[in-house]
Trainee: 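Here you go, one structure.
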2 protein chains.
Amino acid sequence: MTEDERSAVREEVIESLARSAEVYGLSRSAGRVYGVLYFSSEPLSIPELVEETGYAKSTISNVTRKLTRIGMVRRRSSGGGGRRVRFEPETDFWFIVGDVLRQYAHREMQTTRRTLDRALDRLDDVDGEAARDDADRIRALDAQYDQLETLLELAVDHSTEELIEAIDQYEAD
Amino acid sequence: MTEDERSAVREEVIESLARSAEVYGLSRSAGRVYGVLYFSSEPLSIPELVEETGYAKSTISNVTRKLTRIGMVRRRSSGGGGRRVRFEPETDFWFIVGDVLRQYAHREMQTTRRTLDRALDRLDDVDGEAARDDADRIRALDAQYDQLETLLELAVDHSTEELIEAIDQYEAD
DNA sequence: CGACTTGTTCGGCTCGTTCCGAACGATCGG
DNA sequence: CCGATCGTTCGGAACGAGCCGAACAAGTCG
């Protein structure tokens with residue numbers, strides 16, 4: 001009876017991770033797969049994940065690839081036995097967040113800023129008050145992106161503990 | 001000719017905002033509506049946004065509601081003239097981010113932690129090494145969420161400038 | 001070499017989202 | 001009170017995302 005209770009509790013937590021995944025723009029399946037890996041005492045292969053989660057093999061293949069891309073699981077392309085690749089979870093959440101920020105937000109900001117800079121160049125050739133207004137607004141956008149970018153770079157280079165301490169010390173003045 | 005060029009440049013920037021919106025989980029229309037509001041010298045009503053964007057009136061209605069919910073535009077339920085509500089953009093991006101984090105991430109973390117705490121309570125009644133392992137992992141999850149939550153609370157209470165300065169000072173040791 | 005296991009890719013189904021047009025309220029000036 | 005204007009809501013079409021099963025490729029062990 002206690003064994004049932006234990007797996008019920010684990011199911012609850014895994015389901016909770018699935019819901020969290022949806023909030024942050026991932027699929028339910030991604031959350032569940034991560035949850036199963038998180039509770040597993042050893043890395044799991046795709047057939048094992050199929051067994052544990054009930055998803056189709058193709059789904060597991062796609063989901064594991066996505067999770068690997070964003071740094072939530074690692075591929076141990078391994079090794080000896082019959083199984084070829086095995087997955088283990090990245091358990092440092094802030095590290096995951098940092099990875100995602102670096103890959104997506106940072107890239108997006110860079111391309112947007114390139115667009116803004118090109119736009120400003122083109123506006124130099126245009127006369128009139130309205131054009132100057134537009135240029136001012138675009139410069140303001142650029143400044144915002146610039147600040148977010150530098151903050152982002154600083155933040156992802158530190159642990160949560162360091163960041164909390166930094167802000168605490170800053171507040172202490 | 002310069003007038004064409006000016007609107008072409010603005011179109012470019014607005015389109016860029018539309019693409020950015022997609023990256024961050026919003027619709028293209030939301031990005032474009034925000035862009036039009038951003039370049040407008042005065043708050044715009046729904047018919048005006050229809051005119052400027054080409055979207056259907058219903059689309060504008062839904063999009064403005066969504067943008068208002070997440071704090072990207074403000075409703076100036078308005079005064080005097082024939083028009084009733086008018087929208088103006090929130091131009092402080094970090095403020096927008098903070099708003100979203102407070103509304104979504106923070107709420108999500110709280111509900112998840114409630115689930116984790118309930119799970120730990122239930123596991124107290126279960127014996128065995130495996131149950132103890134599960135409890136350890138859940139406690140580790142809980143600790144991660146706790147740290148992210150406190151960091152989040154600290155971060156959204158400061159401006160980007162303050163945060164950058166705080167980290168810079170911290171690094172200066 | 002041939003049977004088996006593992007992982008990827010492909011086509012199809014389903015469901016949610018986005019956007020539209022039309023119908024429906026609600027508010028204001030005359 | 002009536003017409004006009006503004007905003008919301010409803011039903012539907014087009015599109016994309018998630019998931020599945022089946023076919024396919026690649027490597028392993030007998």
Side-chain angles (χ1 to χ4, degrees), chain A residues 14-15 17-37 42-70 72-88 104, chain B residues 14-15 17-37 42-70 72-88 104:
Chain A
I14 289 176
E15 181 58 26
L17 288 175
R19 266 181 285 123
S20 301
E22 280 188 302
V23 172
Y24 297 114
L26 291 174
S27 58
R28 293 184 47 76
S29 52
R32 292 198 70 91
V33 165
Y34 180 83
V36 168
L37 288 176
E42 50 185 16
L44 297 180
S45 66
I46 287 188
E48 288 166 336
L49 283 171
V50 170
E51 168 68 23
E52 295 285 330
T53 63
Y55 286 113
K57 196 171 47 157
S58 55
T59 303
I60 300 295
S61 176
N62 290 323
V63 164
T64 50
R65 183 171 47 204
K66 185 170 216 165
L67 288 175
T68 304
R69 291 189 76 90
I70 65 180
M72 285 188 68
V73 306
R74 279 188 298 273
R75 267 181 107 94
R76 301 189 47 159
S77 40
S78 112
R83 284 108 165 192
R84 254 169 297 176
V85 307
R86 298 188 302 175
F87 298 93
E88 62 184 6
Y104 293 80
Chain B
I14 290 176
E15 181 57 27
L17 289 176
R19 268 182 284 124
S20 300
E22 280 188 302
V23 171
Y24 297 115
L26 291 172
S27 57
R28 292 184 47 78
S29 53
R32 292 197 71 92
V33 166
Y34 179 84
V36 167
L37 288 175
E42 50 184 15
L44 297 181
S45 67
I46 286 188
E48 288 165 336
L49 284 171
V50 170
E51 168 69 23
E52 294 286 331
T53 64
Y55 286 113
K57 197 172 46 157
S58 55
T59 302
I60 300 295
S61 176
N62 290 322
V63 164
T64 50
R65 181 171 49 203
K66 184 168 217 167
L67 288 176
T68 305
R69 290 189 76 89
I70 65 180
M72 285 188 67
V73 307
R74 280 188 297 271
R75 265 182 108 95
R76 302 192 49 157
S77 36
S78 91
R83 283 105 166 198
R84 254 169 296 176
V85 306
R86 297 187 304 173
F87 298 93
E88 62 185 5
Y104 294 81

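Residue numbering restarts at 1 for every chain, and letters A, B, ... go by the order of the sequence lines. Quick note: numbers below take in every heavy atom, side chains included, and nothing from hydrogens, waters or symmetry partners. The structure displayed is predicted, hence computed values, not measured ones.
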Trainee: Tell me whether the OP1 or OP2 atom of D:dC19 has a side-chain N or O from A:S29 closer than 4.0 Å.
Mentor: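 Answer yes for this pair, as a side-chain N or O of A:S29 is under 4.0 Å from OP1 or OP2.
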Trainee: Give a yes or no on whether a salt bridge exists between A:E15 and A:R28, defined as a side-chain N under 4.0 angstrom from a carboxylate O.
Mentor: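 Counted as a salt bridge, because a side-chain N and a carboxylate O are separated by less than 4.0 Å.
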Trainee: Mapping A:S58 and A:L26 to their closest nucleotides on DNA chain D, which lands nearer the 5' end?
Mentor: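 Mapping each residue to its closest nucleotide by heavy atoms, the 5'-most match is A:L26.
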Trainee: How close or far is atom P of D:dA22 from atom CG of A:N62, stated in whole angstroms?
Mentor: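 Whole-Å distance recorded here is 17 Å.
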Trainee: Are more than 12 heavy atoms from other residues, nucleotides or ligands located less than 6.0 Å from atom CD of A:E51?
Mentor: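 Check fails, neighbour count at 12 or below.
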Trainee: Grab the CZ-C1' distance between A:R86 and C:dG7 for me, whole Å please.
Mentor: 15 Å
Trainee: Determine yes or no for a side-chain-to-main-chain donor-acceptor pair under 3.5 angstrom, with A:E22 supplying the side chain and A:R19 the backbone.
Mentor: no
Trainee: Take atom OH of B:Y55 and atom C1' of C:dT17, then tell me their distance rounded to the nearest Å.
Mentor: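 Between C1' of C:dT17 and OH of B:Y55: 14 Å.
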Trainee: Can a donor-acceptor pair be found, under 3.5 Å and without considering hydrogens, that links the side chain of A:T64 to the backbone of A:I60?
Mentor: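 Looks like yes, one N/O pair under 3.5 Å.
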Trainee: Check whether the side chain of A:K57 and the base of D:dG21 form a donor-acceptor pair under 3.5 Å.
Mentor: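 Not at all, since no donor on one side and acceptor on the other fall under 3.5 Å apart.
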Trainee: Has A:T59 got a side-chain N or O lying under 4.0 Å from the OP1 or OP2 atom of D:dC20?
Mentor: yes
Trainee: Indicate whether OP1 or OP2 belonging to C:dG7 is found under 4.0 Å from a side-chain N or O atom of A:R65.
Mentor: no
Trainee: So, is A:S45 close to the C:dT6 phosphate, meaning a side-chain N or O under 4.0 Å from OP1 or OP2?
Mentor: no
Trainee: Please state how far atom CZ in B:R75 lies from atom P in D:dC6, giving the value in whole angstrom units.
Mentor: 15 Å
Trainee: Using a cut-off of 4.0 Å on non-hydrogen atoms, how would the nucleic acid contact of B:S27 be classed: base, sugar-phosphate, or nothing?
Mentor: sugar-phosphate
Trainee: Find the distance A:R28:CZ to C:dC15:P and express it as a whole number of Å.
Mentor: 15 Å
Trainee: Regarding D:dG7, can its base be found pairing with the side chain of B:S61 as donor and acceptor, where the two atoms are less than 3.5 Å apart?
Mentor: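 Counting by modelled atom types and ignoring angles, no donor-acceptor contact under 3.5 Å is found here.
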Trainee: Is a side-chain donor or acceptor of A:T53 paired with a backbone partner of A:L49 at a separation under 3.5 angstrom?
Mentor: yes
Trainee: Round to a whole Å and report the spacing from CD1 of B:I60 to P of C:dG21.
Mentor: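 Result: 12 Å.
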Trainee: Can you check the B:L49 CG to C:dC20 C1' distance for me, whole Å?
Mentor: 17 Å
Trainee: Send over the distance from B:R84 CZ to D:dC6 C1', rounded to a whole Å.
Mentor: 4 Å
